[in-house]
Amino acid sequence: TCTASNVPAVKNEPYDPYFKEIAKYLEFMVTSFEMGNARYTAAKDWSDLISRNRKSLTDREGSGLFSSRVEKATEDLTRGKSTQLEKLVAILDYVQSNIEIATDYENRDFADVLKDKKGDGYEMTGLTNMMLRKAGLTSDFVMVHSAQEGYFDPNYYSFDQLSIPAVDVKVDGRQYV
């Protein structure tokens with residue numbers, strides 16, 4: 001028998017393995033439930049999950065008077081840029097240098113991100129993707145699974161496995177993420 005008291009917590013060391021590599025863990029997925037008037041049915045596959053969430057992740061351009069704000073900002077940033085690479089660099093530099101990372105979870109559309117000069121990681125990535133497309137580049141909003149998150153289960157349809165938003169763009173035959 002061994003007893004201990006006042007044992008300090010485990011400290012993260014720079015080269016420690018990720019937690020999910022050294023400890024057992026359980027993940028489960030609720031596929032459906034019903035409680036009173038509340039009903040939930042999980043996505044049946046990745047395509048279903050994406051179609052349910054596409055608007056909130058990528059289609060936040062804005063409406064009415066402000067819908068042109070993203071287009072105008074893109075035109076201003078890329079004016080005089082003749083190559084796709086110059087346009088890519090101009091847009092990335094602008095977003096990285098001028099948009100502050102927000103932690104308030106306000107659910108802004110892209111016009112508001114430009115106006116307020118702040119947005120969360122999803123909003124900033126979505127804005128970058130929208131601006132690249134308006135500049136004529138081929139780009140996609142993608143979600144990345146971090147090695148820190150452990151095993152990726154392709155049959156577990158949840159954005160919980162995909163925690164890092166990114167833009168996949170092809171410029172002059174070269175792919176950038």
Side-chain angles (χ1 to χ4, degrees), residues 18 29 38-150 152-154 156-177:
Y18 298 123
M29 181 171 75
R39 290 190 172 107
Y40 170 77
T41 303
K44 63 183 185 297
D45 56 29
W46 286 105
S47 295
D48 186 25
L49 181 69
I50 291 166
S51 68
R52 291 180 185 199
N53 292 280
R54 180 182 311 276
K55 186 163 184 60
S56 68
L57 292 173
T58 62
D59 299 335
R60 293 184 180 179
E61 186 174 356
S63 59
L65 176 64
F66 301 110
S67 64
S68 64
R69 184 174 283 148
V70 175
E71 191 166 338
K72 182 178 180 331
T74 304
E75 288 172 3
D76 291 346
L77 288 170
T78 58
R79 187 175 293 115
K81 310 289 188 266
S82 56
T83 69
Q84 289 186 331
L85 187 58
E86 288 176 321
K87 292 176 183 180
L88 171 66
V89 169
I91 291 168
L92 290 178
D93 281 351
Y94 177 81
V95 172
Q96 291 172 351
S97 301
N98 295 286
I99 308 294
E100 176 186 332
I101 297 175
T103 56
D104 56 10
Y105 306 106
E106 285 289 323
N107 198 18
R108 289 168 279 270
D109 62 35
F110 299 146
D112 288 337
V113 172
L114 282 172
K115 179 184 77 144
D116 299 340
K117 293 195 181 292
K118 70 177 182 177
D120 67 26
Y122 298 97
E123 293 163 344
M124 292 171 67
T125 304
L127 171 64
T128 302
N129 185 49
M130 178 71 67
M131 293 176 86
L132 290 170
R133 287 180 173 195
K134 289 194 175 296
L137 282 77
T138 302
S139 66
D140 289 304
F141 184 101
V142 297
M143 295 290 293
V144 179
H145 176 77
S146 167
Q148 224 171 353
E149 297 298 318
F152 179 82
D153 182 352
Y156 181 67
Y157 311 118
S158 171
F159 280 124
D160 290 343
Q161 292 198 100
L162 306 167
S163 57
I164 303 169
V167 175
D168 178 19
V169 61
K170 193 168 193 174
V171 173
D172 300 326
R174 187 168 180 191
Q175 196 148 5
Y176 299 89
V177 177

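Sequential numbering from 1 along the given sequence is applied to the chain's residues. Please read all numbers here as calculations on a predicted model, not as lab measurements.
Closest approach of Q84 to G136, counting heavy atoms only: NE2-O, 4.1 Å. Shortest non-hydrogen contact noted between A90 and K81 is CB-CE, 3.9 Å. Annotation for G126 and F110: closest pair C-CZ, 3.4 Å, computed over non-hydrogen atoms. The two residues K118 and D104 have their closest heavy-atom pair at NZ-OD2, 3.2 Å. The two residues L77 and M131 have their closest heavy-atom pair at CD1-CE, 3.3 Å. L92 and T128 get closest at one heavy-atom pair: CD2-CG2, 3.6 Å.
Classification of the F152-W46 ring pair by plane angle, with boundaries at 30° and 60°, yields parallel.
Take Y94 and apply the ring-ring contact (aromatic ring centres under 6.0 Å, His included) test, not counting sequence neighbours, and it matches no residue.
In the displayed structure, K170 atom NZ is contacted under 6.0 Å by at most 12 heavy atoms of other residues, nucleotides or ligands.
Atoms CD1 and CG, from I99 and L114 in turn, are 5.5 Å apart once rounded to the nearest 0.5 Å. Atoms CG and CD, on D76 and E71 in that order, are 11.0 Å from each other to the nearest 0.5 Å. Atoms CE and OG, on M130 and S139 in that order, are 9.5 Å from each other to the nearest 0.5 Å. Atom-to-atom distance recorded for L132:CG and F141:CZ is 12.5 Å, nearest 0.5 angstrom. Atom OG1 of T78 sits about 12.0 Å away from atom CG of L88, to the nearest 0.5 Å. Taking NZ from K134 and CG from N129, the interatomic distance works out to 11.0 Å, rounded to the nearest 0.5 Å.
In this structure, the side chain of E123 engages the main chain of D120 through a donor-acceptor pair within 3.5 Å.
Between R69 and K115, some side-chain heavy-atom pair lies under the 4.5 Å cut-off.
Side chains of Q161 and D153: a donor-acceptor N/O pair is absent below 3.5 angstrom, by distance only.
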(message) Under the criterion side chain to side chain contact (heavy atoms under 4.5 Å, CB included), I'd like the reasoning laid out for V142 against V167: C-alpha separation, chi angles, the key distance, then a yes or no.
(response) CA-CA 6 Å; V142 297; V167 175; over 6 Å; no
(request) Would you please test Y157 and D48 for side chain to side chain contact (heavy atoms under 4.5 Å, CB included) and show each step? (result) CA-CA 9 Å; Y157 311 118; D48 186 25; over 6 Å; no
(request) With salt bridge (Lys or Arg N to Asp or Glu O under 4.0 Å) as the test, would you mind laying out the steps for D140 and R133 before giving the verdict? (result) CA-CA 9 Å; D140 289 304; R133 287 180 173 195; 3.2 Å; yes
